[in-house]
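Please read the structure below before turning to the comments.
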Amino acid sequence: MAKVSTRKSRQYWLFKSEPESFSIEDLKAAKDQTTYWDGVRNFQARNMLRDSIQIGDGVLFYHSNVDPLAIVGTARVVKNGYPDHTAFDSKNDHYDPKSSKEDPTWYMVDIRLVQIFETPITRAMLQGVEELEEMVLLQKGSRLSVQPVTTDEWQVIHRLAGLKPSV
DNA sequence: GCCAACGTTGGC
DNA sequence: GCCAACGTTGGC
């Protein structure tokens, strides 16, 4: 019998990336427009990657540490959490000697591009929207690079992009 | 470039 | 187990 998802409904997430290291254009250029989301080295984010994020979930792709800060498009989860092999590679920037193949510390998922927004939804735009006041991204001091997004937030952001909620 | 917020490390 | 010191993130 095929493996069945443990929950019925799709969930939504926001992934941050510095475009200098990996931009949504890089995702577009990747083979099958798909990538593994490696390098997350925070336990809270790790738990989401390992335990919560599932195939079919929607991902807002956010560019951080750049002008303009913005949600630049969406992606879809195409592979559930599995060990982040970059932690095993001593030559990799994200190498972590405490993580082993036998007992991995860090996890990643695979995502595939859905769309690049014609007009990026800038952080400044988000900050003006009452329905997004509680969005994790906009909370003071929020540094999580993988964050949950509510269904309402997902829909508001698609509306701002002039799109029907897709994925 | 600044600095607040946060996570981790290590001495005790 | 506390907490000061330190390093990093990331908005501004």
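In the text below, chain A, chain B and the rest are named by the order of the sequence lines, each starting its count at 1.
No hydrogens or angles considered: a donor-acceptor pair under 3.5 Å links the side chains of A:Arg123 and A:Tyr62. Side chains of A:Asn65 and A:Glu18: a donor-acceptor N/O pair is present below 3.5 angstrom, by distance only.
The pair A:Arg46-A:Asp84 does not meet the salt-bridge criterion, since no charged nitrogen lies less than 4.0 angstrom from a carboxylate oxygen.
A heavy atom closer than 4.0 Å to some atom of DNA chain C occurs in A:Arg123, A:Gln127, these being the qualifying members of residues 119-127 of chain A. Of the residues in residues 129-143 of chain A, A:Arg143 come within less than 4.0 Å of DNA chain C through at least one heavy atom, sorted by number.
Judged by a 6.0 Å distance limit and a 45° cone about the ring axis, A:Lys91 is not positioned over the six-membered ring of A:Tyr95.
Protein atom CZ of A:Phe43 is 15 Å distant from nucleotide atom C1' of C:dT8, rounded to whole Å. Nucleotide C:dT8 holds its P atom 14 Å from the CG atom of A:Asn65, rounded to whole Å. For the pair A:Asp67 CG and B:dG1 C1', the computed distance is 15 Å after rounding to whole Å. The CD atom of A:Gln147 sits 15 Å away from the P atom of C:dT9 (whole-angstrom rounding). Rounded to whole Å, the distance from CG on A:Asn42 to P on B:dT8 is 6 Å. In this structure, the CG atom of A:Leu14 is 10 Å from the P atom of C:dG11, given to the nearest Å. Rounded to whole Å, atom P of B:dA5 lies 16 Å from atom CG of A:Leu144. Distance, A:Trp106 CH2 to B:dG7 P: 12 Å, rounded to whole Å.
Ring pair A:Trp154/A:Tyr12 is parallel by interplanar angle, where below 30° counts as parallel and above 60° as perpendicular. Classified by interplanar angle (parallel below 30°, tilted 30° to 60°, perpendicular above 60°), the ring pair A:Phe15/A:Trp37 is tilted. Ring pair A:Phe117/A:His158 is perpendicular by interplanar angle, where above 60° counts as perpendicular and below 30° as parallel.
Out of C:dG11, C:dG10, B:dG7, the shortest distance to the side chain of A:Gln44 is found at B:dG7.
A donor-acceptor pair under 3.5 Å is absent between the side-chain atoms of A:Ser99 and the main chain of A:Asp96, judged by distance alone.
The side chain of A:Tyr62 contributes an N or O atom lying less than 4.0 Å from OP1 or OP2 of C:dG11.
A:Glu153 approaches A:Met135 most closely through the heavy-atom pair OE2-CA, 3.3 Å.
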